Undergrad: 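One structure, as C-alpha cells, below. Some questions next.
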Amino acid sequence: YKVDLPDSAISKMLDWDKPLSQQPKAVRKAVEPIVAPIRKEMAKPTAAGWGDFAAPQKYDPTGAEVLALLRQQKDSGAQGILGNGLGPEVSQRLRDAGIPGIRYLDGGSRGAGAGTSNFVVFPGNEGLLKILERNGKPLK
C-alpha cells in the first residue's frame, strides 16, 4: 500500500525518539501530569556520598519512555503484552488527548538518529489515511 497521512496529523504524533521537551504541544500537555512528579523528585539533590550522582537531574523522557510510563499506570493485560505493551487503554488515552499515533525512526535511520520515519495510527484514526496505491496500482 502507498498511503497519504496528512502533515497536520503527523505534527501531532508522539515521537518515539525525541525527548518530551521536543514533542508536540498536545503530547506535552497529555503526559505532563505523569512526568511532573518524577521531574520534581529527580530535581532534588541526594546525599553527597553519591558523588556526581548526587546532583539534581533534569528529567526529559523520550517518547519511548513516556509510553513505558503510561503502560505502568494501567495493566494492559495479555493483549497489551503481546502488542509490545502499548495496549488499547494507552492508545485510547493518547487518542482522546488529540494524539493520532506514534512516529519512530525506521531501521535504516535509527543508528544515525535522523532520517525517515514509520508511522502508527491509533485505532479510530484510520479515517486520516488515504490509500493511494495497492500493489503498485493507483486506486480510483
Side-chain angles (χ1 to χ4, degrees):
Y1 288 96
K2 182 177 181 181
V3 178
D4 179 54
L5 177 61
D7 290 343
S8 59
I10 292 172
S11 68
K12 296 176 187 172
M13 290 184 150
L14 182 140
D15 191 312
W16 178 273
D17 302 290
K18 290 186 179 177
L20 185 58
S21 61
Q22 295 176 24
Q23 296 285 345
K25 185 177 182 178
V27 172
R28 292 191 315 264
K29 182 178 178 184
V31 300
E32 185 58 33
I34 300 158
V35 171
I38 300 168
R39 184 180 292 124
K40 182 178 177 182
E41 196 61 33
M42 290 186 75
K44 295 177 184 176
T46 59
W50 284 90
D52 290 343
F53 294 113
Q57 303 293 314
K58 181 181 178 193
Y59 185 61
D60 195 16
T62 64
E65 293 167 327
V66 165
L67 288 173
L69 288 171
L70 290 169
R71 286 191 297 261
Q72 289 173 358
Q73 281 197 328
K74 177 105 174 110
D75 177 22
S76 297
Q79 194 63 33
I81 292 167
L82 293 172
N84 196 20
L86 184 57
E89 299 89 359
V90 173
S91 59
Q92 181 67 43
R93 182 174 178 183
L94 291 171
R95 194 182 117 200
D96 290 348
I99 302 163
I102 300 170
R103 72 180 296 168
Y104 57 96
L105 292 172
D106 64 26
S109 302
R110 186 155 300 282
T116 55
S117 295
N118 293 319
F119 301 89
V120 176
V121 176
F122 294 138
N125 286 331
E126 298 88 352
L128 295 170
L129 304 171
K130 180 180 179 187
I131 300 174
L132 303 174
E133 294 179 7
R134 183 179 11 213
N135 297 325
K137 297 179 183 176
L139 296 180
K140 297 178 182 182

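What you see is a predicted model, and the numbers here were worked out from it, not measured in a lab. Starting from 1, each residue takes its place in the sequence as its number. Reckoned from all heavy atoms, side chains included, excluding hydrogens, waters and symmetry mates.
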Undergrad: Between Y59 and L70, is there a shared hydrophobic cluster once you connect ILVMFWY residues whose side-chain heavy atoms come closer than 4.5 Å?
TA: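 Yes.
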Undergrad: Has Q92 got a side-chain atom pairing as donor or acceptor with V90's backbone, closer than 3.5 angstrom?
TA: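 Judged by distance alone, no pair lies under 3.5 Å.
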Undergrad: Would you find a donor on one side and an acceptor on the other, under 3.5 Å apart, between the side chain of D60 and the backbone of S21?
TA: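 Pair found, side chain donor or acceptor close to backbone of S21.
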Undergrad: Around atom CG of D4, are there more than 12 heavy atoms of other residues, nucleotides or ligands at under 6.0 Å?
TA: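 Yes - once you tally the heavy atoms of other residues, nucleotides and ligands closer than 6.0 Å, there are more than 12.
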Undergrad: If you define the side chain from C-beta out and look only at heavy atoms, does anything of I102 sit under 4.5 Å from N118?
TA: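 The answer is no; the side chains never approach within 4.5 Å.
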Undergrad: When you compare the side chain of V3 with that of K130, does any pair of heavy atoms fall below 4.5 Å?
TA: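 A side-chain contact is absent here, since even the closest heavy-atom pair is not under 4.5 Å.
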Undergrad: Compare all side-chain heavy atoms of F122 with those of I99 and state whether any distance is below 4.5 angstrom.
TA: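 Counting from C-beta outward, F122 and I99 do come under 4.5 Å.
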Undergrad: Search all heavy atoms of S11 against all heavy atoms of S8 and return the closest pair with its distance.
TA: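 For S11 versus S8, the nearest heavy atoms are OG-O, 3.0 Å.
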Undergrad: Does a side-chain heavy-atom distance below 4.5 Å link N135 with Y1?
TA: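 The answer is no, as the side chains (C-beta and beyond) never meet within the 4.5 Å cut-off.
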Undergrad: Is the side chain of R28 donor-acceptor paired with the backbone N or O of Q23 at a distance under 3.5 Å, no angle test?
TA: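 Yes; judged by distance alone, with no hydrogens or angles, the pair exists.
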Undergrad: As a test of understanding, state which of K2, R134, E133 forms a side-chain contact (heavy atoms from CB on, under 4.5 Å) with L139.
TA: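 Among K2, R134, E133, the one meeting side-chain contact (heavy atoms from CB on, under 4.5 Å) with L139 is R134.
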Undergrad: Using 0.5 Å steps for rounding, measure from the NZ atom of K12 to the CG atom of L94.
TA: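 Nearest 0.5 Å value for the NZ-CG distance: 14.5 Å.
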Undergrad: Mind checking whether Y104 and V120 have side chains closer than 4.5 Å, heavy atoms only?
TA: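 With C-beta onward as the side chain, the pair touches.
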Undergrad: Check whether any side-chain heavy atom of M13 lies under 4.5 Å from a side-chain heavy atom of P100, and answer yes or no.
TA: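 Yes, at least one pair of side-chain atoms sits under 4.5 Å.
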Undergrad: Can E32 and K29 be counted as an ion pair, charged N to O under 4.0 angstrom?
TA: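 Result for this pair is no, no salt bridge flagged.
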Undergrad: Can you hop from V35 to L67 via hydrophobic side chains spaced under 4.5 Å?
TA: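 Result: yes, single cluster for both.
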Undergrad: For residues L14 and I38: do they belong to one hydrophobic cluster (side chain heavy atoms under 4.5 Å, members Ile, Leu, Val, Met, Phe, Trp, Tyr)?
TA: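 Hydrophobic grouping puts L14 with I38.
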Undergrad: Can any side-chain N or O of D106 pair as donor or acceptor with the backbone N or O of S109 at less than 3.5 Å?
TA: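 Checked: pair present.
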Undergrad: Taking side chain as C-beta onward, heavy atoms only, is W16 less than 4.5 Å from T62?
TA: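 With C-beta onward as the side chain, the pair stays apart.
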Undergrad: Kindly work out whether a path of hydrophobic side-chain contacts (I/L/V/M/F/W/Y, heavy atoms less than 4.5 Å apart) joins I10 to L132.
TA: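 No, it is not one cluster - the side chains of I10 and L132 are not joined through contacts under 4.5 Å.
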Undergrad: Output yes when a side-chain donor or acceptor of D15 lies under 3.5 Å from a complementary backbone atom of D17, and no otherwise.
TA: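 Yes; judged by distance alone, with no hydrogens or angles, the pair exists.
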Undergrad: If you compare all heavy atoms of A30 against all heavy atoms of A97, which two are closest, and at what distance to 0.1 Å?
TA: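 Here A30 and A97 meet closest at CB-CB, 3.6 Å.
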Undergrad: With no hydrogens and no angle check, is any side-chain donor or acceptor of R39 less than 3.5 Å from a backbone partner on K58?
TA: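 Judged by distance alone, no pair lies under 3.5 Å.
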